[in-house]
Amino acid sequence: MGRERILIVEDEKLLRWSLKERLSEEGFDVGEAGTGAEARERLAEDEPDLVLLDMRLPDADGLEILRHVQQVRPETMIILMTAYSSVQDAVAAIKLGAYDYLNKPFDMEALTITVRKALETTVLRREVRRSRETAQRKFGFSSIVGETRAMQRVFDLIRRVAKSEASTVLVTGESGTGKDLVAKAIHYQSNRADRPFLNVTCTAIAETLLESELFGHERGAFTDAKTQKRGMFEQAHRGTVFLDEIGDMPFSLQAKLLRVLQEKKFRRVGGSADIEVDVRIIAATNRDLKQRVSDGAFREDLFYRLNVIPIALPPLRDRAADIQLLVGHFISEFNGEFKKEVAGVSKEARELLDAYTWPGNVRELRNVIERAMILGSGAEIGVEDLPFELAPEAHAGNGNGRRKNGAGDFALPPSGVDLESLERDLLLQALRRARGNRTRAGRLLGLNRDQVRYRIDKFSLVDGDYRDGEE
């Protein structure tokens with residue numbers, strides 16, 4: 001990273017020279033302008049990290065230049081330099097977004113400290129912007145793939161909800177349809193994108209802990225509450241809370257959630273004071289909430305409060321025309337992750353992918369492509385790279401079903417296998433036989449060195465796990 005750039009906008013030549021000398025000695029790259037017109041020219045040519053701006057210029061008012069900087073260089077910090085008689089204007093400038101102001105004559109040491117603090121803020125702003133842009137790329141519309149009419153309706157709803165002030169959204173669909181991606185797309189395309197996105201799976205945490213996780217607790221509220229804790233709703237103020245599997249939220253917590261939705265207030269566990277929050281709540285479920293209401297397992301008033309803006313995701317079997325589009329998307333993703341150059345899918349494999357019913361939906365398809373690209377070694381994904389449930393004949397040991405890497409014929413036991421455990425065990429065997437040499441271990445498994453390293457990281461293996469000698 002280069003030196004921080006500072007633009008001094010000051011019409012007094014001596015002061016401008018003194019400032020430039022001092023800041024240059026501090027290691028900054030300093031530019032200068034004596035008029036508002038010159039400042040505009042410099043801002044058009046360069047993007048300074050900080051502007052030191054005099055409130056009184058011969059051809060412009062300092063507030064006018066401040067607004068111009070904010071318009072053309074919104075991440076640039078501004079420090080006002082003003083005479084005592086103009087303090088009122090400086091305060092007005094602070095309200096308009098200036099970082100700080102200094103009264104003339106000022107101490108150079110104080111100036112340097114203020115400049116460094118302002119530049120730290122500039123760095124933070126740019127990091128926030130980069131993080132936001134990264135999140136928008138990762139969780140924006142590009143992460144949700146589909147050209148069918150059903151998916152276009154979903155995209156339209158996401159766009160409209162993201163731009164609105166809607167505080168409640170209900171996303172429904174079978175497991176694996178991408179409800180979490182929809183929630184993230186709404187958040188990162190909205191004006192809440194630079195605020196927290198927090199998610200919790202309602203079935204993954206015990207009921208007593210879930211209440212504390214969502215609402216926080218006061219010190220001494222229960223046995224292990226040794227300190228005060230801020231809950232998700234408090235942490236996500238002006239952001240988004242994603243409640244996955246809302247249909248299985250304990251009944252006792254549903255009334256407290258309803259209060260947050262209706263009043264935007266809640267109390268920590270063991271607390272007596274109301275806490276006000278501004279959060280968008282996106283709930284998701286693969287359950288039939290109307291049936292849950294009929295069964296007495298879900299509050300009717302909460303259901304109607306959540307169901308203000310419903311977004312229903314279709315299962316993959318109902319949008320089969322998107323399968324190959326998704327396959328191409330995942331191949332591109334894993335080519336980058338695994339440093340491979342898989343060109344596509346063979347005609348036979350494509351037919352099997354299109355014919356399969358995909359009970360696990362998009363998540364299952366993604367896992368299949370990931371597995372095929374990890375285990376396969378060809379320029380394209382073939383039938384032999386697909387799992388048994390998609391291509392049983394390729395795994396039947398009839399001579400035509402042998403894998404390209406010569407792994408032999410395997411008979412699936414009646415009880416089935418844990419594929420993850422089997423993959424880990426084979427990896428360990430190969431590494432031990434190769435005495436930890438990843439290239440030789442890869443040859444035993446028909447993999448390259450990067451694929452072996454990926455699996456070592458995947459299973460969190462360390463040298464001691466496989467450097468115990470040959471098997």
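Below, each value reflects all heavy atoms present in this structure, side chains not excepted, and no hydrogens, waters or symmetry copies.
- Leu57 approaches Asp11 most closely through the heavy-atom pair CD2-N, 4.2 Å.
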Item to check | side-chain contact (heavy atoms from CB on, under 4.5 Å) evaluation trace for Glu165 with Asn191 | outcome: CA-CA 9 Å; Glu165 294 302 316; Asn191 59 8; 3.3 Å; yes

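- Looking at every heavy atom in both residues, Gly146 comes nearest to Phe155 through O-CE1, 3.2 Å.
- Listed for the Asp46 side chain is no donor-acceptor partner under 3.5 Å among the backbone atoms of Pro48.
- Between the side chain of Arg219 and the backbone N or O of Lys226, at least one donor-acceptor pair lies under 3.5 Å.
- Contact record, Pro310 with Asn307: CB-OD1, 3.3 Å, taken as the closest heavy-atom pair.
- For the pair Asp61 and Arg67, the salt-bridge criterion is not met [side-chain N within less than 4.0 Å of a carboxylate O].
- Taking every heavy atom of both residues into account, Val145 and Met151 meet most closely at O-CE, 4.4 Å.
- Between Phe334 and Phe338, the two ring planes are parallel [angle under 30°; tilted spans 30° to 60°].
- No donor-acceptor pair under 3.5 Å is formed between the side chain of Trp358 and the backbone N or O of Arg363.
- Residues Leu306 and Ile246 meet the side-chain proximity criterion, which asks for heavy atoms closer than 4.5 Å.
- Side chain of Gln235 to main chain of Leu198: no donor-acceptor pair is present (N/O by atom type, distance under 3.5 Å, no hydrogens or angles).
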Checklist entry - Between Leu257 and Ile281, does a side-chain contact (heavy atoms from CB on, under 4.5 Å) hold up when you go through it step by step? => result CA-CA 10 Å; Leu257 175 60; Ile281 295 176; 4.0 Å; yes

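- Sorted by first and then second residue, the salt bridge (charged side-chain N to carboxylate O under 4.0 Å, His left out) pairs with a member in residues 196-212 read Glu211-Lys256; sequence neighbours excluded.
- The environment of Glu21 atom CD is dense: over 12 non-hydrogen atoms of other residues, nucleotides or ligands sit within 6.0 angstrom.
- Counting non-hydrogen atoms of neighbouring residues, nucleotides and ligands closer than 6.0 angstrom, the CZ atom of Arg453 exceeds 12 such neighbours.
- Residue Gln71 places its CD atom among 12 or fewer non-hydrogen atoms of other residues, nucleotides or ligands, all under 6.0 Å distant.
- For residues 275-289, every residue pair satisfying the side chain to side chain donor-acceptor pair (under 3.5 Å) rule, not counting sequence neighbours, is listed here: Ser175-Asn286, Arg192-Asp278, Asp248-Arg287.
- Few gaps surround CZ on Arg230; more than 12 heavy atoms of other groups in view lie less than 6.0 Å from it.
- Applying the side-chain hydrogen bond (donor to acceptor under 3.5 Å, both in side chains) criterion to Gln254, with sequence neighbours excluded, gives no partner residue.
- Other residues, nucleotides and ligands contribute at most 12 non-hydrogen atoms within 6.0 Å of the CD atom of Glu300.
- Judged purely by atom type and a 3.5 angstrom limit, Thr121 uses its side chain to pair as donor or acceptor with the backbone of Lys117.
- The closest side-chain heavy-atom distance from Phe215 to Arg267 is not below 4.5 Å.
- Classification of the His217-Phe222 ring pair by plane angle, with boundaries at 30° and 60°, yields perpendicular.
- Nearest heavy-atom pair, Phe28 versus Arg116, reported as atom, atom and distance to 0.1 Å: CZ-NH1, 3.5 Å.
- Heavy-atom neighbours of Arg259 CZ from other residues, nucleotides or ligands within 6.0 Å: above the threshold of 12.
- Residue-environment remark: NZ (Lys290) stays at or below the threshold of 12 foreign heavy atoms within 6.0 Å.
- Applying the salt bridge (Lys or Arg N to Asp or Glu O under 4.0 Å) test to Arg160 and every residue at least two apart in sequence or in another chain returns Asp156.
- The backbone N or O of Thr208 lies less than 3.5 Å from no partner atom in the side chain of Ser212, so there is not a single donor-acceptor pair.
- When all heavy atoms of Thr177 and Asn361 are compared, the pair lying nearest together is CG2-CG, 3.7 Å.
- Contact check on Arg16 versus Asp54 returns no salt bridge, with no Lys/Arg side-chain nitrogen under 4.0 Å from an Asp/Glu carboxylate oxygen.
- Partners of Arg319 according to the salt bridge (Lys or Arg N to Asp or Glu O under 4.0 Å) rule, which considers only residues two or more places apart in sequence or in another chain, are Asp322.
- Contact of the Leu7 side chain with the Thr76 side chain is not registered, since no non-hydrogen atoms from C-beta on lie closer than 4.5 Å.
- Side-chain atoms of Asp59 come within 3.5 Å of backbone atoms of Ala37 as a donor-acceptor pair (strictly under, hydrogens ignored).
- Pairs engaging residues 173-182 under the salt bridge (charged side-chain N to carboxylate O under 4.0 Å, His left out) rule: Glu174-Arg317 [sequence neighbours left out].
- Between Trp17 and Glu10 the shortest side-chain heavy-atom distance does not fall below 4.5 Å.
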